[in-house]
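All chains are named by letter (A, B, ...) in the order of the sequence lines, taking the proteins before the strands, and each is independently numbered beginning at 1.
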Protein chains: 2
Amino acid sequence: MDIGKQYYPAMRISQLSAESGVPIPTIKYYLREGLLPQGDQTSATRAEYDQEHLRRLRLIRALLEVGRLPVAAIRQVIAAVDDERIDFHDMLGTAHYALSTPVEPHPEDEDWREARELVDRMIADLGWGVHPLAPTRNELAQTVVTLKRLGMPTSQEDLLPYASAAHDLVRDLDITKIPFDGPRDVAVETLVICEVLYGKAFDVLRRLAQESESTRILDVTPCSDDGASKVTRQGAHRDA
Amino acid sequence: MDIGKQYYPAMRISQLSAESGVPIPTIKYYLREGLLPQGDQTSATRAEYDQEHLRRLRLIRALLEVGRLPVAAIRQVIAAVDDERIDFHDMLGTAHYALSTPVEPHPEDEDWREARELVDRMIADLGWGVHPLAPTRNELAQTVVTLKRLGMPTSQEDLLPYASAAHDLVRDLDITKIPFDGPRDVAVETLVICEVLYGKAFDVLRRLAQESESTRILDVTPCSDDGASKVTRQGAHRDA
DNA sequence: ATCCATCGATAGCTTTACTATCCAATTATT
DNA sequence: AATAATTGGATAGTAAAGCTATCGATGGAT
């Protein structure tokens, strides 16, 4: 038997479901879709799963629910991890690009070309090592175009403070958490978790800060209880 | 006639469609859904639209495509703007909360309670004026729980650098763009644009920085052309 | 007078992420 | 050994979201 797995007690699909809270049909679906590796098949009607599967399952749910990534993107990340022909660096690149929303370029559009040039120039000015064909470039260009169309034209100068804040966070925090010298799957998993979950955390923190600042500017009792009507009165929650 | 609208040339739905690139049936759908206000109905089969409609339409598309907000959330924001009974501050609050993904609390779960306490304590320690019932608190708590479940437990200390970076950006940049003294619709629109589009921009910048840093750490020719195979070989784009 | 766009209503479509049902093959229970 | 329960594998059905298509009546344009 595999020494490396001796600490992982085997379980059946029903236990996997119970531990993770994910219904059995959904687990089967993930197996079909290649998100979750097949269990150790001991007979025609029996397969065993271990802690790895549980962990993977939790990762899938986190990416789906917190990161709101499409199943297809998750599959790509996983495929890159499992494809041993892809080297470490390219694997991380694949993971990176799977996380970006694909944006098709519109080189015929004047605004678009200008935005893309802004992005390329900024990346070059910052000295960032970003692949010239990275889809992320188009994603940012698209955002810049949209801002312009909405009447908030954005220059490199406007974007730079965000860029350096992002760089600082990544350099000092995110990247230090990634075990580049460890096994492939752990590294890429950590990278994805960092990008998606810390990304989410930052996003929420930003919205919290925005609320705090607009409350501060608009006067009012910054955090007193009398404002409780604000939430209940309007039912501002999206669907809950 | 309305003096305030004399500079806005009227157009028919077909022109609105042509200008915005949004198909007519889709515009009708937005009208039905209350995302887009009805045009000026001049007869049973004729209505006139103006630049406001065009602007609103672009905003809707930006929130949908860039911000990936659900239609229901967009409708909530719009409803709050149009409801004159809601005061300025509550309107912004509604907008804020419409942007958050609803998360139902699990007070029975130990992890969840702990995470929520962490969030509350941090907000208090930072002195932020965030509503005690803000759904954003649960959103962050959920993220913290998920991180823990994935084996990356997160303390207040871990989160604080992100929080202060977020606060800095908001205080120095985002919030200065919002015309709090202007008309309701402009203020809330700007707020939403800032949150969603600058949020997106930052997210992309973070991913760019991550790519740059992992490239730097993993050795390799930081940005040379020989890596072009990375993108093409794997077809790393999500679905394009 | 004729044609064409528009309105309003309704129904249909597409994608995504599940969820449910069946059946044969075990495996467990009695 | 008989019977009940569980699993895997296959297939089909479902629900929600976001459009898209069609139709008939109307009314302005030529």
field: Earlier contact from the 5' end, DNA chain C, for A:K28 and A:A44
entry: A:K28
- prompt: A:I13 has a side chain; which of C:dC18, C:dC7, D:dG8 sits nearest to it?
  reply: D:dG8
query: Using a cut-off of less than 4.0 Å, is there contact between a side-chain N or O of B:T26 and OP1 or OP2 of D:dG18?
result: no
message: Base of C:dT26, side chain of A:R12 - is there a donor-acceptor contact under 3.5 Å?
response: no
message: One thing to verify: whether B:E110 and B:R113 come together as a salt bridge, which I'm taking to mean a side-chain N less than 4.0 angstrom from a carboxylate O.
response: yes
query: Atom CD1 of A:I27 to atom P of D:dT6: distance rounded to whole Å?
result: 15 Å
query: With a non-hydrogen cut-off below 4.0 angstrom, is A:R61 in contact with a base, only sugar-phosphate, or nothing?
result: sugar-phosphate
query: Quick one: do B:R149 and B:D109 make a salt bridge, cutoff under 4.0 Å?
result: yes
task: Report the C-alpha separation of A:R56 and A:E189 in whole Å, then their side-chain angles, then the decisive distance to 0.1 Å, and conclude whether the salt bridge (charged side-chain N to carboxylate O under 4.0 Å, His left out) test is met.
output: CA-CA 9 Å; A:R56 169 68 61 87; A:E189 193 180 302; 5.4 Å; no
query: Any side-chain N or O of A:Q41 less than 4.0 Å from the OP1 or OP2 oxygen of D:dG9?
result: yes
field: Nucleotide nearest A:S43 when distance is taken to its side chain, options C:dT27, C:dA5, D:dT7
entry: C:dT27
- prompt: In terms of the angle between their ring planes, are B:Y198 and A:Y162 parallel, tilted or perpendicular, with boundaries placed at 30° and 60°?
  reply: parallel
statement: With the side chain defined as heavy atoms from C-beta on, B:L64 is closest, among C:dT6, D:dT26, D:dG18, to D:dG18
task: Give a yes/no on whether any side-chain N or O of A:T45 is located under 4.0 angstrom from OP1 or OP2 of C:dA24.
output: no
Rounded distance in Å - CD1 (B:I60) to P (D:dC19): 10 Å
statement: In whole angstroms, the gap separating P of C:dT16 from CG of A:L69 amounts to 14 Å
query: Between D:dC19 atom P and B:I24 atom CD1, what is the distance in whole Å?
result: 16 Å
message: With a 3.5 Å cut-off and heavy atoms only, can you find an N or O donor on one side and an acceptor on the other between the side chain of B:R32 and the base of D:dT20?
response: yes
statement: From CZ of B:R46 across to P of D:dA29 the rounded distance in Å is 6 Å
query: Roughly how many Å is it from CD in A:Q38 to P in D:dG8, rounded to a whole number?
result: 9 Å
message: Nearest whole Å is fine: how far is C:dA17 P from A:L36 CG?
response: 16 Å
- prompt: Hey, does the side chain of A:Y49 come within less than 4.0 Å of D:dG8's phosphate (OP1/OP2), counting only N and O?
  reply: yes
query: To the nearest Å, how far apart are B:L31 CG and C:dA9 P?
result: 12 Å
query: Given D:dC19, is OP1 or OP2 found less than 4.0 Å from the side-chain N or O atoms of B:Y30?
result: yes
- prompt: Is it true that B:K200 and A:E139 make a salt bridge, defined as a side-chain N closer than 4.0 Å to a carboxylate O?
  reply: yes
